[in-house]
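Computation of the quantities below employed the complete heavy-atom set of this structure, encompassing side-chain atoms and omitting hydrogens, waters and symmetry-equivalent molecules.
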Amino acid sequence: MTVIPAQSPAPAPAAHDLTHDVTNQPPPLTPYDASDDPALLEGLRREGAAWAERDVRRLGLRAGGAEAQEWGELANRHEPVLRTHDRYGHRVDEVDFHPSWHALMRVAVAEGLAGAPWADDRPGAHVARTAGGLVWGHTEAGHGCPTSMTYAAVPALRRRPELAEVYEPLLTAREYDPGLRVPTEKRGLLAGMGMTEKQGGSDVRTNTTTATPTAEPGMYTLRGHKWFTSAPMCDVFLVLAQAPGGLSCFLVPRVLPDGTRNAFRVQRLKDKLGNRSNASSEPEFDGTVAWLVGPEGQGVKTIIEMVNCTRLDCVMSSATLMRKTLVEAGHHVRHRSAFGARLLDQPLMRNVLADLALESEAATTLTLRLAGAADRAVRGDAGEQAFRRIATAVGKYWVTKRGPAFTAEALECLGGNGYVEDSGMPRHYREAPLLSIWEGSGNVNALDVLRALGREPATADALFGELALARGADARLDAAVTRLKSRLAGATPAGARRLVEQMALALQASLLVRHAPAAVADAFCATRLGGDWGYAFGTLPDGADLDGILGRALPGED
């Protein structure tokens with residue numbers, strides 16, 4: 001071995017000898033503005049929440065900032081940990097989260113993304129919340145679960161006014177106050193729900209958890225095991241159990257009014273494909289104290305309003321993932337070159353990005369239309385109530401189904417870089433399938449559309465009334481609506497997916513024809529309705545206005 005004398009240091013390598021020069025790699029995306037999306041901002045104004053635009057833009061800048069993006073990464077890297085017992089052997093059933101989770105939650109609750117709209121009398125309050133979710137969701141998706149359930153719990157809880165009087169002011173508060181304490185002694189509360197059980201899943205009428213009345217009116221004790229209960233550190237839960245009068249809905253607090261812990265034994269946390277920052281658990285009830293919400297035997301009817309709200313949030317989260325991954329892909333191809341030109345300037349890559357942009361805009365536009373319907377429905381608009389009933393299930397089925405394929409294509413725009421964990425794209429890809437599963441899988445939602453059509457004729461009238469607003473604007477859309485009416489007449493359970501797909505595409509097309517630029521509406525109708533399309537993204541026809549589509553979807557393109 002040769003020893004180099006101390007007085008004769010090794011010569012510095014010449015510049016041309018360096019092997020680690022980094023070239024042809026994009027700079028960091030952050031900081032960026034997550035609200036810089038014309039479809040989002042136009043929808044916000046159109047659906048009655050223009051007054052919230054300044055706040056949405058402010059939140060979009062924060063969501064795309066380095067700090068918030070790091071919170072999202074850390075919350076998923078350092079996953080929640082279950083502690084069933086304390087050091088002395090006492091049962092505690094607590095879940096510990098990384099500080100980044102609490103930081104994300106604190107902002108989300110303060111910005112009104114949990115229950116706040118129910119305490120806001122301004123028209124458009126629910127639209128503003130949805131728009132806020134569309135931008136703040138650029139950080140990460142897991143913490144959207146407890147905020148969504150808290151939002152959704154309020155209308156269900158109102159079926160028992162005396163309980164709502166106690167808990168609603170805290171569920172609608174903008175204070176994030178973590179930790180298990182007496183609910184009425186906290187500054188703000190979070191709510192979860194426990195519906196599914198291992199023997200039934202979505203078939204909740206087969207639930208075996210029992211509810212036994214106590215001597216106190218309205219108070220019961222529960223015994224059973226829930227299969228999938230997310231966010232076990234929430235303060236209260238709406239759960240389903242079999243009471244003497246049938247399947248019923250109950251409010252279960254983690255801590256009882258006297259300060260003692262309720263029996264809520266967390267058996268384990270689920271080891272999930274994605275959504276890793278969020279704790280999903282299997283709790284066991286044994287003598288668990290609960291209060292009846294709504295009449296005995298009407299558990300599904302009571303909790304269905306909660307499900308309608310969380311289904312809207314599944315649509316919102318899928319649209320958010322689409323937009324987030326489109327932004328990531330657009331940034332990458334703008335700064336990466338191959339075969340002598342920027343990827344963004346390669347004709348086939350432009351086709352892929354434009355096709356993704358169409359899907360993203362359609363998802364965002366439909367999400368905000370559904371939010372507008374929800375806002376007007378809670379204010380007593382019967383027509384919007386009927387439209388919301390069917391269109392939310394339609395949107396939940398279709399938009400969440402499109403998410404995984406969309407996210408995979410966006411990841412592929414980054415090539416091998418997108419397959420590497422620290423790009424962030426694998427996390428988004430793992431998240432995408434969840435939104436089609438939660439709050440009813442594809443089959444459940446498709447069959448729910450058939451159920452609504454059969455039992456509530458006003459829903460079909462509302463849907464076709466919406467489609468009629470675009471009548472005559474595009475021949476392909478008019479033909480699609482005619483086909484839809486024909487298919488509706490012979491609808492069967494086996495064909496439910498095909499029917500709901502056609503409903504979703506017609507609804508998205510009608511919204512784009514009425515509200516989007518011609519480049520977007522024409523390409524969407526030509527491909528999704530006219531059949532001038534392949535089986536993968538990036539197969540737009542030669543006549544599509546790619547420049548017009550991309551100039552709108554990726555502001556600042558040069």
Measure from the side-chain N and O atoms of [X] to the backbone N and O of [Y], and report whether any donor-acceptor pair falls under 3.5 Å.
X	Y	result
Ser281	Thr229	yes
Arg129	Leu113	yes
Ser317	Cys314	no
Lys396	Leu435	yes
Arg430	Lys272	no
Thr392	Arg389	no

Sequence-distant partners of Phe264, ring pair (Phe, Tyr, Trp, His ring centres under 6.0 Å), two or more places apart: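 Phe264: ring pair (Phe, Tyr, Trp, His ring centres under 6.0 Å) contacts with Phe237, Phe285.
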Are side-chain heavy atoms of Leu190 and Met105 found at a separation under 4.5 Å?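 Yes, close enough: below the 4.5 Å cut-off.
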May I ask you to check if Arg160 and Tyr167 form a cation-pi contact, with NZ or CZ under 6.0 angstrom from the six-membered ring centre and within 45° of the axis?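 So Arg160 doesn't make the cation-pi contact.
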Among Leu554, Leu343, Leu353, the one residue meeting side-chain contact (heavy atoms from CB on, under 4.5 Å) with Arg334: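 Running side-chain contact (heavy atoms from CB on, under 4.5 Å) over Leu554, Leu343, Leu353 with Arg334 returns exactly one hit, Leu554.
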What are the two closest non-hydrogen atoms of Asn417 and His332, and how far apart are they?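 It is ND2-CE1, 3.5 Å.
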What I want to check is whether the side chains of Thr30 and Gln69 have a donor and an acceptor closer together than 3.5 Å.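 Gln69 and Thr30 do not have a side-chain donor-acceptor pair below 3.5 Å.
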Thr302: side chain to side chain donor-acceptor pair (under 3.5 Å) partners, not counting sequence neighbours: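 Partners of Thr302 by the side chain to side chain donor-acceptor pair (under 3.5 Å) criterion come out as none, since no residue qualifies.
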When you look at CZ of Arg379, are more than 12 heavy atoms from neighbouring residues, nucleotides or ligands closer to it than 6.0 Å?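 Buried by this count: over 12 neighbours within 6.0 Å.
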Name the orientation class of the two ring planes belonging to His143 and Trp136 (parallel below 30°, tilted from 30 to 60°, perpendicular beyond 60°).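 Rings of His143 and Trp136: perpendicular, as their planes differ by over 60°.
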Below 30° counts as parallel, above 60° as perpendicular, anything between as tilted: where do the rings of His335 and His331 land?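 His335 and His331: tilted rings.
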